[in-house]
Amino acid sequence: MSKEDPESGVESDALSLKPTEFLGGMKESNTTTLLLSPEGSEKSKLEGEETEAMPCWQVRYTLALLSLIGIALMYGMRVILSIAIVAMVGSRGHHHEGNSTETEEMLLDACPAPETKNTTKDVIEGEFDWDETTQGIILGSFFWGYACTNILGGRAAEYSGGKRIFGLGIFLSAALTVITPISARTSTEFVIAVRVLSGIVQGVVFPAINSMLAAWISPSERSRYNTIVYSGFPLGTVASLPIGGYLCSSPLFGGWPSVFYLFGGLGLVWSVFWFALVYDRPEQHPRISPAERALLQSHKEDIKRAEVVALPLREIFTSLPFWGLMMGAFGYDYGFFTLLTEIPTYLKNMQHFDINQNGLLSALPFLVMWLWGYVWGSLMDYLTRTGKLTIITIRRLSMSMALYGAMLSLIVMCFVNCNSSLAVMVLCLAVGLSGSANCGFLCSHQDLAPNFAGTLLGFTNTFGSFAGVFAPMITGALTEGNQTVTAWRFVFLITVGMYLVTGTLYVCLISNRTQPWNEPKPKQNCGQSNNCNEAQVVLMPKTQSPDAES
């Protein structure tokens, strides 16, 4: 009976056969494993027996480092509006509508401002007269554009290569970030349009890099490299929020506009290095060492093929593991976007932190997320390499920690009331634990179908981006003119319910098996066609023992 390989989570004695061998008849079950090259010649070297030593700095490190920086800058450009809008609008005070009894009850349910503050200073005029609903629309407008291009970006990366799509997405986003101050001062409609366009160009970024990782990284290394690359989004948040808070309160370039100039300019500089140093696939890289190339070729059946495979839409959308992935991604995105866009507003309106404190404290939960992501990723990588846990167990455990851990933290958040220190601590826990998802659903796209890793992430990101649209709108509707403990408690409880349902569906439905629809379909009726000059290739999907996911 075949046994599961602890490094990959799949059977170690699966046969890699030439098409003619497969078509000629089934081999006996006890046939010795034989690894063959694409042309069918026997693999001359086993993994680990390369005659040339692996270089200290591998080209995969350059890919991971520049991807990390690119995603950090992209997230910085995405979230700086969350902190800048606090300065753009100012603190105008909140007018509670209704009769005097209702108003008195709402004031009793609100957190009182510190007594040391003069009440005449509580109202700070901002440059823009946007109420909470308008702010929610502006913050959510990014995701209307973001939802439009994820699938297109993933498929484009599979056709034309992820390097070009990923690089252009960040370059164009940087250009739009630079012009955001001009658009805001022109009209509300203009800044909404710029944010929608920013979402459109950023929508291709994650599917593109996921497609590249599927071509460069083997299953046993996915937890490690996904953790490095995708830690860019908490890192970008960690960097942008305190820097944004400082710049918004400074006179440099008029205060809040300087935040957009800084991160947009850095994105333009980054694009030069990306296009100069990164390549779509290992075989295209002119500076890759023979040892690293041989290592990647030894996992060629577990990584993305060079040729484009036709997209099997029906098989994808009738696949239960795919829907488990979709649910896990949506729940993660809803909670993450709720906290990402609303933490600065919550800390300002409920806990009464000023702009400098707001930037630092808003970034603190994402610093915890960044650090915890590395700790958890290192632990999962060790457990994979030593065979102590199977890959499917690591996926389920990681998402349970990310979703259920954040869920329990937000339940506690409902009872912190006006305790500012406790509120910050619980927010750090809720956001920080979600860093475990780097080893969860963010790896599952590559597990299920490496040939469609970009497109699958496009599907899940498109679905998840609606969470980014509705999360700030729901929060704005619940809290407009109602900055109370009860209103924010409803915000947290909605997120709790989302975590519970989607986390359970992911754990129950997800798989680490490469799905049969990942492989190209054989051509039909070739014997009756006049156009059969090309060899017909039939790839046998790797099988697993029935208990591979137990």
Side-chain angles (χ1 to χ4, degrees), residues 63 66-78 141-177 194-217 226 229-230 232-233 236 267 270-271 274-275 278-281 304-313 316-317 322 325-326 329-330 332-333 336-337 441-446 448-469 518:
L63 169 66
L66 286 176
S67 301
L68 164 66
I69 297 172
I71 290 175
L73 290 173
M74 182 196 76
Y75 251 81
M77 291 183 280
R78 180 185 300 190
S141 61
F142 172 93
F143 298 97
W144 286 109
Y146 192 71
C148 296
T149 53
N150 271 270
I151 298 173
L152 177 64
R155 201 60 182 150
E158 288 159 4
Y159 271 93
S160 62
K163 168 187 173 178
R164 185 181 297 108
I165 304 301
F166 184 83
L168 284 175
I170 296 181
F171 173 81
L172 294 174
S173 177
L176 289 166
T177 300
V194 168
R195 291 295 291 177
V196 171
L197 288 174
S198 297
I200 288 174
V201 298
Q202 283 199 20
V204 305
V205 169
F206 276 122
I209 195 59
N210 210 47
S211 181
M212 291 191 70
L213 291 174
W216 278 91
I217 308 301
N226 275 267
V229 171
Y230 290 119
F233 61 81
W270 168 91
S271 63
W274 174 264
F275 285 111
V278 172
Y279 290 82
D280 287 312
R281 296 188 59 83
K304 181 180 177 295
R305 297 165 61 93
E307 61 271 22
V308 179
V309 180
L311 189 63
L313 285 174
I316 291 175
F317 283 100
F322 169 74
L325 172 59
M326 287 278 277
F330 182 80
Y332 175 87
D333 286 342
F336 182 78
F337 289 139
F441 85 98
L442 287 170
C443 293
S444 292
H445 307 83
Q446 300 162 42
L448 296 181
N451 288 330
F452 304 111
T455 300
L456 292 187
L457 189 60
F459 286 137
T460 57
N461 254 5
T462 298
F463 191 38
S465 63
F466 288 107
V469 172
N518 175 68

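The figures here come from the full heavy-atom set of this structure, side chains too, leaving out hydrogens, waters and symmetry mates.
- For S198, there are no side chain to side chain donor-acceptor pair (under 3.5 Å) partners two or more places apart in sequence or in a different chain.
- The side-chain contact (heavy atoms from CB on, under 4.5 Å) with M212 is formed by just one residue from the set V278, I165, V229; it is V278.
- L325 and S444 get closest at one heavy-atom pair: CD1-CB, 3.7 Å.
- Closest non-hydrogen pair, F466 versus T462, comes out as CD1-O, 3.2 Å.
- G153 approaches P207 most closely through the heavy-atom pair C-CB, 4.1 Å.
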**Prompt:** Can you check side-chain contact (heavy atoms from CB on, under 4.5 Å) on L172 and I200, steps first, answer last?
**Reply:** CA-CA 10 Å; L172 294 174; I200 288 174; over 6 Å; no
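- The line from SG of C148 to CG of L197 is 10.5 Å long, rounded to the nearest 0.5 Å.
- Here the straight-line distance linking atom OH of Y75 with atom OH of Y230 works out to 11.0 Å at 0.5 Å rounding.
- Here the straight-line distance linking atom CG of L213 with atom NE2 of H445 works out to 12.0 Å at 0.5 Å rounding.
- Pairing each heavy atom of G169 with each of V204, the nearest pair is CA-CG2, 4.0 Å.
- Between A453 and Q446, the shortest heavy-atom contact is CB-CG, 4.0 Å.
- Residues F171 and W274 have side chains not in contact (no heavy-atom distance under 4.5 Å, counting atoms from C-beta outward).
- At least one side-chain heavy atom of F206 sits under 4.5 Å from a side-chain heavy atom of I71.
- A cation-pi contact links K163 to Y279, judged by a cut-off of 6.0 Å to the six-membered ring centre and 45° from its axis.
- Taking the ring centroids of F233 and F336, they lie under the 6.0 Å cut-off.
- Counting only heavy atoms from C-beta outward, the side chains of P312 and F452 approach each other to under 4.5 Å.
- Using a 4.5 Å heavy-atom cutoff, the side chains of I151 and F463 are not in contact.
- The backbone N or O of A208 sits nowhere less than 3.5 Å from a side-chain atom of S211 that would complete a donor-acceptor pair.
- Scored by the side chain to side chain contact (heavy atoms under 4.5 Å, CB included) test, D333 finds F337, N461, A467 as partners (sequence neighbours excluded).
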**Worked verdict on L66 versus W270 for side-chain contact (heavy atoms from CB on, under 4.5 Å)** = CA-CA 8 Å; L66 286 176; W270 168 91; 4.2 Å; yes
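- With sequence neighbours left out, the side chain to side chain donor-acceptor pair (under 3.5 Å) criterion links S173 to Q202.
- For the atom pair M77 CE and I170 CD1, the distance stands at 6.0 Å (nearest 0.5 Å).
- Panel note: side chain R155, backbone G454; no donor-acceptor pair is recorded below 3.5 Å.
- Rounding to the nearest 0.5 angstrom, the gap separating the CD1 atom in I217 from the CG atom in N210 is 11.0 Å.
- Of the inter-residue distances, the one linking I209 atom CD1 with L63 atom CG reads 5.5 Å to the nearest 0.5 angstrom.
- Within the 4.5 Å cutoff, side-chain heavy atoms of I69 are placed close to those of L73.
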